[in-house]
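For reference, the structure discussed in these notes is given below.
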Amino acid sequence: MIRVQSERFDAAAETAALLRTARGAGAVASFVGVVRGDSGEGRVAILELEHHPRFTLAVLEAIGSEARRRFDLVGLAIVHRHGAMPAGDPIVFVGAAARHRRSAFEAVDYLMDRLKVEAPFWKREHGSGGVRWVEPGPGDRADRARWDVMETDHSQA
Amino acid sequence: MKVLFFGRLAELAGTREQVVDLPAAVADIGALRDWIAADRPLLREALHAGGTAVLVNDALGRGSAPVSEADEVAFLPIVSGG
């Protein structure tokens, strides 16, 4: 299940839904990203995300497919929000179901690293420093690059 | 033709969406990029600086990809995230 929506999500309900459809799962790992109340530029009141209704979803689906293949997942969920969100709001949910825990943990880590750098969302912070566009930093790119040299076979993990 | 701008490009274009009558001479993405930004220097600079992806009917296209009146074209900054 991969969705882009403006509404808040319920992480527990998303995890339960993932578990219902993940046949053969021995582990589910999940992650919730939250709008941080501060950035390098000061206090952040609102984070605003713009997306392209079809292209953004297509990119998320491509990233999800790659994660399924790479980590031999039996279930996957990505829920990403768009629109204006106050600090403290959940912004992204990622869940991965696998036969064994290591694949589930790693898939979630992998998905988040790729989403941070590649998911087409255009982000603006509204806060004490005024309004500013947010772009991935060198740390995000380094996190993403880790996976380029770490292809391993998880089917027997 | 419907032309969409995303992120910072919408700010530079002064709009997120624009419906235009395409001149016959504008037949590919490269020509559209020049024509659409002709009277908006900041937008022109941004579209030529690299870092912009172009979708024609939701599919990524290069500068030589053909465009026509019935298409929807979107200009997007490829840098996003954070």
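Quick note: numbers below take in every heavy atom, side chains included, and nothing from hydrogens, waters or symmetry partners. Naming: A, B, ... by sequence-line order, numbering from 1 per chain.
- Taken together through direct or relayed side-chain contacts under 4.5 Å among Ile, Leu, Val, Met, Phe, Trp and Tyr, B/F6 and A/L115 form part of one hydrophobic cluster.
- Transitive grouping of hydrophobic side chains (ILVMFWY, heavy atoms separated by less than 4.5 Å) brings A/F31 and A/L111 into a common cluster.
- A chain of hydrophobic side-chain contacts below 4.5 Å, direct or via other Ile, Leu, Val, Met, Phe, Trp or Tyr residues, connects A/V94 to A/W147.
- By a heavy-atom distance cut of under 4.5 Å, A/E50, A/H51, A/H52, A/R54, A/F55 are the residues of residues 49-60 of chain A near chain B, going up by number.
- Below 4.5 Å, heavy atoms of chain A meet heavy atoms from B/E11, B/R16, all part of residues 9-44 of chain B.
- Residues of residues 58-66 of chain B lying under 4.5 angstrom from chain A, judged on non-hydrogen atoms, are B/D58, B/L60 by number.
- No more than 12 heavy atoms of other residues, nucleotides or ligands shown are found within 6.0 angstrom of CZ on A/F105.
- Not a single donor-acceptor pair under 3.5 Å links the side chain of A/W133 to the backbone N or O of B/G7.
- One hydrophobic cluster, built from ILVMFWY side chains closer than 4.5 Å, holds both A/V92 and A/L73.
- Applying the side chain to side chain contact (heavy atoms under 4.5 Å, CB included) criterion to A/R20, with sequence neighbours excluded, gives A/A16, A/A17.
- Criterion: ILVMFWY side-chain heavy atoms under 4.5 Å apart, direct or through other members. Under it, A/V108 and A/Y110 are part of a common hydrophobic cluster.
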